[in-house]
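Just so you know, residue 1 is the first one in the sequence shown, and it goes up from there.
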Amino acid sequence: QVQLVESGGGLVQAGGSLRLSCAASGRTSSRYVMGWFRQAPGKQRDFVAVISSSGASTVYANSVKDRFTIARDNAKNTVYLQMNSLKPEDTAVYYCAADGTVATSIIATNYDYWGQGTQVTVAS
């Protein structure tokens, strides 16, 4: 099994920045595709960003493109989400996800492992 633990969430004012971290343990591998999703109250879990196993390829949701950056450090089994120019619309629980069998995907059901989530609240 793989355990994913997110950290770095909190309260920030609009225009501010946060960096989320996702630490993997257990059966971890640098071959895993890693993604970030978010879910606001009453809404579906939406794709945010994904990074390939090597880190060479990234994909972002249009709503966060040019504001968020996903990165990974395979030596530390950790993936990051740097969030800049935060907006109130970014308020959500952010989840880290991992998959070892598919290429980069924006579809949540393609991911096998999920963290418990970390709350990000952006005040207007």
Report yes or no: do [X] and [Y] belong to one cluster of Ile/Leu/Val/Met/Phe/Trp/Tyr joined by side chain heavy-atom distances under 4.5 Å?
| X | Y | answer |
| --- | --- | --- |
| V120 | V50 | no |
| V5 | Y113 | no |
| V122 | Y94 | yes |
| V12 | V64 | yes |

Looking only at heavy atoms, which two atoms of [X] and [Y] are closest? And how far apart?
| X | Y | result |
| --- | --- | --- |
| K43 | Q39 | O-NE2, 3.0 Å |
| I51 | T104 | C-CG2, 4.0 Å |
| L4 | A24 | CD2-CB, 3.7 Å |
| S124 | A14 | CA-CB, 4.5 Å |
| N84 | S17 | OD1-OG, 2.9 Å |
| A92 | Q119 | O-NE2, 3.4 Å |

With a 4.5 Å heavy-atom cut-off, do [X] and [Y] have their side chains touching?
| X | Y | value |
| --- | --- | --- |
| R19 | Y80 | yes |
| Q13 | L86 | no |
| Y111 | S105 | yes |
| Q82 | L18 | no |
| W36 | V79 | yes |
| Y60 | T69 | yes |
| S21 | E6 | no |
| L20 | M83 | yes |

Is NZ or CZ of R45 both nearer than 6.0 Å to the six-membered ring centre of Y95 and within 45° of the ring axis?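 Output yes; distance and angle both within limits.
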Roughly how far apart are [X] [atom1] and [Y] [atom2], rounded to 0.5 Å?
| X | Y | atom1 | atom2 | result |
| --- | --- | --- | --- | --- |
| E89 | R38 | CD | CZ | 8.5 Å |
| L81 | C96 | CG | SG | 9.5 Å |
| S25 | Q1 | OG | CD | 8.5 Å |
| T58 | R72 | OG1 | CZ | 12.0 Å |
| S52 | M34 | OG | CE | 12.0 Å |
| D90 | F68 | CG | CZ | 4.0 Å |

Please report whether the ring centroid of W114 lies less than 6.0 Å from that of F37.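 Ring centroids of F37 and W114 are less than 6.0 Å from each other.
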What do you reckon, is CD of Q116 surrounded by more than 12 foreign heavy atoms closer than 6.0 Å?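 Count not over threshold, so no.
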Spell out, as yes or no, whether a donor-acceptor pair under 3.5 Å connects the side chain of T78 to the backbone of K76.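 A pair under 3.5 Å: yes.
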